[in-house]
Amino acid sequence: MPEGHTIHGIARDHAKLFAGRELAVSSPQGRFGSASRLDGRVLAEVEAYGKHLFYRFDVPGPQRVVHVHLGLFGKVATVSEPDPVPPRPTIRLRFVADGGYADLYGVTTCALVTEDERDAVIDRLGPDPLRPDADPGDAWRRVSRSRAPIGGLLMDQSVIAGVGNVYRAELLYRAGLDPWRAGRTLDEQAWANLWSDAVRLLSAGLRTGRIITTAPADRDRTGGRVRAQDAHYVYGRTGLPCRRCGRPVTSAPMLSRTVYWCARCQR
DNA sequence: AACGAATGGGAAT
DNA sequence: TTCCCCTTCGTTC
């Protein structure tokens, strides 16, 4: 689940459900030790940047921001009903308000930090295609100077924040780019196109809650809802025929993550 | 019951 | 580069 669009969706939903309200905060699992310092306090705002979430509370003292990073397995379950079910023992953090509640579990990071620490996290990140203030020029400077493969650069959060393994594969397919090409062999227009497609795809993901990257012409259009097996061009389709040329989709490890591509359509 | 994989990332080597 | 953390779920024994 957790690529940038998921995180921004959680921020949007939690702002609506919790911001400006007093929250009951607990850690059924016990590993979020700061829960009691936030319990009964007002959540001022929720912010998403790349794959990072920040919850700012009205509390005294320098530590007032909960920094959350879901990692590979982390999940957030949000329920817009007033009566919470008893929590599973693995729930790291639970927020409860009058109108609903949310559970976080399996997360890589869940910590109460200062504003400076929050700033430091964001300083390490590249531009986020889902933020209106994003400057793709910052990312281009990194890409244009790098010998690393573009498939790795798209996954590097200090280059561009929010793209994960699914969007990486699909963006490169849609651009016709070989994931193994060095960043510096791209021209500026190729990067501009990649960036604008990232804005388009992640925005669509935020809107629909799903990663759907295939153009209508490249999938079976019968039926209203896009079938799961029609949602992607190459991600998770090793050995299946490319939707456009029929050649079996290739996959290989890149920096310990599987990258998928069509060796004929992507040069 | 055991194992592997999964939309991630940081620290250690 | 390798290892380690986080949790769930489907497959295999």
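Order of the sequence lines fixes the chain letters, A, B, ..., with proteins taken first and strands second; residue numbering starts at 1 for each chain. Values below: every heavy atom of this structure, side chains too, minus hydrogens, waters and symmetry copies.
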query: Are A/W180 and A/Y235 grouped together when hydrophobic residues (ILVMFWY) are joined by side-chain heavy atoms under 4.5 angstrom apart?
result: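 Per the 4.5 Å side-chain linkage, A/W180 and A/Y235 are not co-clustered.
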
- prompt: Same cluster for A/L93 and A/L23 if Ile/Leu/Val/Met/Phe/Trp/Tyr side chains link at under 4.5 Å?
  reply: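 Same cluster.
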
Got a salt bridge between [X] and [Y], using NZ or NE/NH1/NH2 to carboxylate O under 4.0 Å?
X: A/R88; Y: A/D103; value: no
X: A/D197; Y: A/R200; value: yes
X: A/R168; Y: A/E3; value: no

- prompt: How does protein reach along nucleotides 8-13 of chain B, written 5' to 3' as B (base within reach of a heavy atom under 4.0 Å), S (only sugar-phosphate), or - (no contact)?
  reply: BSS---

If we take the [atom1] atom in both [N] and [M], what is their distance in whole Å?
N: B/dG9; M: C/dC9; atom1: C1'; value: 22 Å
N: C/dT1; M: B/dT7; atom1: C1'; value: 23 Å
N: B/dA12; M: C/dC6; atom1: P; value: 16 Å

message: OP1 or OP2 of C/dT7 versus the side-chain N and O atoms of A/Q29: is any pair under 4.0 Å?
response: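 Result: yes.
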
message: For C/dT8 and A/R88 - does any side-chain N or O of the residue sit under 4.0 Å from the phosphate oxygens OP1/OP2?
response: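 Checking C/dT8 against A/R88, a side-chain N or O does come within under 4.0 Å of OP1 or OP2.
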
How many Å lie between [atom1] on [X] and [atom2] on [N], as a whole number?
X: A/Y105; N: C/dC5; atom1: OH; atom2: C1'; value: 17 Å
X: A/Y260; N: B/dA5; atom1: OH; atom2: P; value: 11 Å
X: A/L93; N: C/dC6; atom1: CG; atom2: P; value: 17 Å
X: A/L104; N: C/dT7; atom1: CG; atom2: P; value: 12 Å

task: Determine the contact category for A/R210: base if any of its heavy atoms lies under 4.0 Å from a base atom, sugar-phosphate if only primed atoms, P, OP1 or OP2 are that close, otherwise nothing.
output: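 Nothing, no heavy atom under 4.0 Å.
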
- request: Report the distance from atom OG1 of A/T213 to atom OH of A/Y233, rounding to the nearest 0.5 Å.
  value: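 Rounded to the nearest 0.5 Å, the OG1-OH separation comes out at 6.5 Å.
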
